[in-house]
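The structure appears below as structure tokens.
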Amino acid sequence: MNMTFGWLASLAGKIGLDMLNNSPDRLLKIGRIQNQLESERIIETEKAKVYAEHEASRLKQKLSEVEPEKQSKIVGKIAILNNQIELLTQQQNTINSFIETIKDIGDIPKESLKEPDNDWLREWTKNAGRFSNEDANRLWGKVLAGEMKKPGTFSYRVLDGLRNLSKDDANLILQIIPFITNGLVYRSNDLIFNMGTNWGNWYQLEEIGIVRHVGSVSTSASTPVDQYTPMYIRGISYALVLSSETQKTISEPIIILTELGNAIMQLIEPTFKNDINLVHKQKEYMGNLGNYLKKEYQVTYSIIKIPNN
């Protein structure tokens with residue numbers, strides 16, 4: 001890695017991870033490579049958590065066996081242990097998310113990354129500590145990495161929106177990703193409703209803050225096209241290129257992505273590129289949209305594959 005251990009340790013300290021004193025085997029040592037990170041998920045924090053859980057269970061059993069006047073003291077100890085378990089769980093979740101951040105930024109030089117301010121890091125830590133599953137660890141790891149690569153991508157509003165997303169919400173977002181181009185969705189000829197989505201899906205996405213103007217009849221995008229100025233409708237894996245021998249103005253109703261929606265697009269792009277079904281869906285959509293616009297505006301079109309890199 002091009003980053004020094006000292007710089008990583010400083011960042012880790014700001015999100016509450018003591019890499020130097022308490023956890024030499026938790027994350028990285030100088031020269032560690034990415035595939036060694038996975039073996040470090042079983043760390044001292046997990047050991048401490050298991051011990052605390054065992055001790056709390058033992059005390060609960062003991063509670064039913066002692067005299068009433070001694071029960072309050074045991075209840076107090078159990079409360080302390082439960083709090084300790086919660087803190088250790090949050091710490092472990094944050095560690096796992098930070099590991100994902102390190103893996104994501106890879107060999108990017110430190111000079112190309114910007115460390116978020118302390119207030120943003122505190123908000124990130126609070127969110128990363130709440131979730132224990134691997135998908136959530138990857139999500140929050142990519143959020144921190146993305147903010148370091150491009151500051152301002154994940155505002156406080158976006159962090160709040162991501163925290164409230166459910167697994168069903170995430171699946172629904174994946175379902176509509178093939179139709180997103182240039183930060184918007186063309187509602188042309190109801191193509192998006194003929195390819196596996198319905199009004200209910202889009203209104204749900206509007207309700208959770210991913211898109212806006214779902215039901216608007218006046219929100220449209222107008223773009224001039226001629227033989228010297230083609231129009232590019234760009235998705236993640238494919239782009240539709242339109243041209244015309246005479247000048248035309250293509251004007252179609254649209255649904256617009258919100259700030260949260262655009263941030264999620266960046267997070268989900270690698271998943272999309274690796275999913276052959278989603279990639280094929282986008283190619284099919286581009287073909288259907290191209291055919292419709294060709295008939296409607298007498299333009300020519302071509303579909304081009306966007307390189308993954």
Side-chain angles (χ1 to χ4, degrees), residues 168-227 229-308:
D168 288 342
D169 293 335
N171 289 334
L172 181 55
I173 292 167
L174 271 177
Q175 186 179 341
I176 61 97
I177 287 292
F179 311 123
I180 296 175
T181 59
N182 305 340
L184 52 85
V185 179
Y186 284 95
R187 292 201 288 115
S188 304
N189 200 35
D190 287 342
L191 290 177
I192 57 175
F193 306 117
N194 297 327
M195 296 185 65
T197 70
N198 56 54
W199 281 108
N201 297 146
W202 292 96
Y203 279 119
Q204 182 179 344
L205 290 166
E206 186 169 46
E207 184 177 341
I208 61 180
I210 306 300
V211 298
R212 53 193 173 95
H213 301 312
V214 169
S216 173
V217 295
S218 60
T219 304
S220 62
S222 298
T223 307
V225 180
D226 60 35
Q227 59 182 327
T229 312
M231 176 182 176
Y232 291 87
I233 300 177
R234 183 186 176 97
I236 294 177
S237 292
Y238 287 95
L240 182 65
V241 185
L242 305 170
S243 61
S244 173
E245 293 184 358
T246 59
Q247 188 173 38
K248 304 283 177 63
T249 297
I250 295 178
S251 183
E252 291 293 316
I254 58 171
I255 297 170
I256 299 175
L257 248 64
T258 62
E259 179 187 14
L260 175 60
N262 279 301
I264 290 174
M265 277 287 290
Q266 295 194 41
L267 291 173
I268 217 165
E269 187 171 317
T271 301
F272 180 97
K273 290 178 178 178
N274 292 324
D275 190 316
I276 189 171
N277 293 320
L278 292 175
V279 172
H280 177 76
K281 191 82 167 181
Q282 184 161 88
K283 183 178 182 181
E284 181 186 3
Y285 169 67
M286 291 295 191
N288 292 340
L289 182 59
N291 282 328
Y292 165 74
L293 295 175
K294 176 182 178 180
K295 295 176 183 176
E296 188 73 9
Y297 297 94
Q298 292 76 55
V299 296
T300 59
Y301 77 89
S302 60
I303 299 172
I304 59 174
K305 181 76 169 69
I306 299 172
N308 281 347

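Listed by chain and residue number, W199 satisfy the ring-ring contact (aromatic ring centres under 6.0 Å, His included) test with Y203 (two or more places apart in sequence, or in another chain). When the salt bridge (Lys or Arg N to Asp or Glu O under 4.0 Å) test is applied to E296, no partner is found at least two apart in sequence or on another chain. With sequence neighbours excluded, no residue satisfies side chain to side chain contact (heavy atoms under 4.5 Å, CB included) with Q227. The side chain to side chain donor-acceptor pair (under 3.5 Å) search around S220 returns none, not counting sequence neighbours. I177 meets the side chain to side chain contact (heavy atoms under 4.5 Å, CB included) test with I173, I180, I236, M265, I268, F272; sequence neighbours excluded. Partners of T246 by side chain to side chain contact (heavy atoms under 4.5 Å, CB included), not counting sequence neighbours, listed by chain and number: S244, K248. In this structure, T223 has no side chain to side chain donor-acceptor pair (under 3.5 Å) partners at least two apart in sequence or on a different chain. Residues that satisfy the salt bridge (Lys or Arg N to Asp or Glu O under 4.0 Å) test with E284, not counting sequence neighbours, are absent from this structure. Under the side chain to side chain contact (heavy atoms under 4.5 Å, CB included) criterion, K305 pairs with S237, Y238, N308, not counting sequence neighbours. Residues passing the side chain to side chain donor-acceptor pair (under 3.5 Å) test with Y292, sequence neighbours excluded: none.
Atom CD1 in I192 sits 9.5 Å away from atom CG in N201 (nearest 0.5 Å). Once rounded to the nearest 0.5 Å, the distance linking CG of L242 with CD1 of I250 reads 4.5 Å. For the atom pair T219 OG1 and R212 CZ, the distance stands at 8.5 Å (nearest 0.5 Å). A distance of 11.5 Å separates CG in D275 from CD in Q282, rounded to the nearest 0.5 Å.
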Practice task
Assess whether side chain to side chain donor-acceptor pair (under 3.5 Å) is satisfied between T300 and S243, documenting all intermediate values.
Solution key: CA-CA 5 Å; T300 59; S243 61; 2.9 Å; yes
Handout entry: Residue pair R234, I306: steps toward the side chain to side chain contact (heavy atoms under 4.5 Å, CB included) verdict
Key = CA-CA 9 Å; R234 183 186 176 97; I306 299 172; 3.4 Å; yes
Exercise for the section: Could you go through the side chain to side chain contact (heavy atoms under 4.5 Å, CB included) check for T249 and Y297 one step at a time? Expected result: CA-CA 8 Å; T249 297; Y297 297 94; over 6 Å; no
Exercise for the section: Run the numbers on I256 and V211 for side chain to side chain contact (heavy atoms under 4.5 Å, CB included), then give the verdict. Expected result: CA-CA 6 Å; I256 299 175; V211 298; over 6 Å; no
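For N262 (side chain) and T258 (main-chain N/O), a donor-acceptor pair under 3.5 Å exists by modelled atom type.
A heavy-atom distance below 4.5 Å is found between the side chains of L174 and L278. Between I208 and L205 there is a side-chain heavy-atom pair separated by less than 4.5 Å.
Annotation: side chain to side chain donor-acceptor pair (under 3.5 Å) contacts involving residues 176-192, sequence neighbours excluded, comprise S188-E252. Every pair tested for salt bridge (Lys or Arg N to Asp or Glu O under 4.0 Å) that includes a residue from residues 195-207 fails, sequence neighbours excluded, so the list is empty.
Taking both residues in full, the closest heavy atoms of Q247 and D226 are given as CA-CB, 4.0 Å, listed atom of the first, atom of the second, then distance. In plain terms, the two heavy atoms of G209 and L260 that are nearest each other are O-CB, 3.7 Å.
For the side-chain contact (heavy atoms from CB on, under 4.5 Å) with Y301, the qualifying choice from L289, V241, N291 is N291, the only one to do so.
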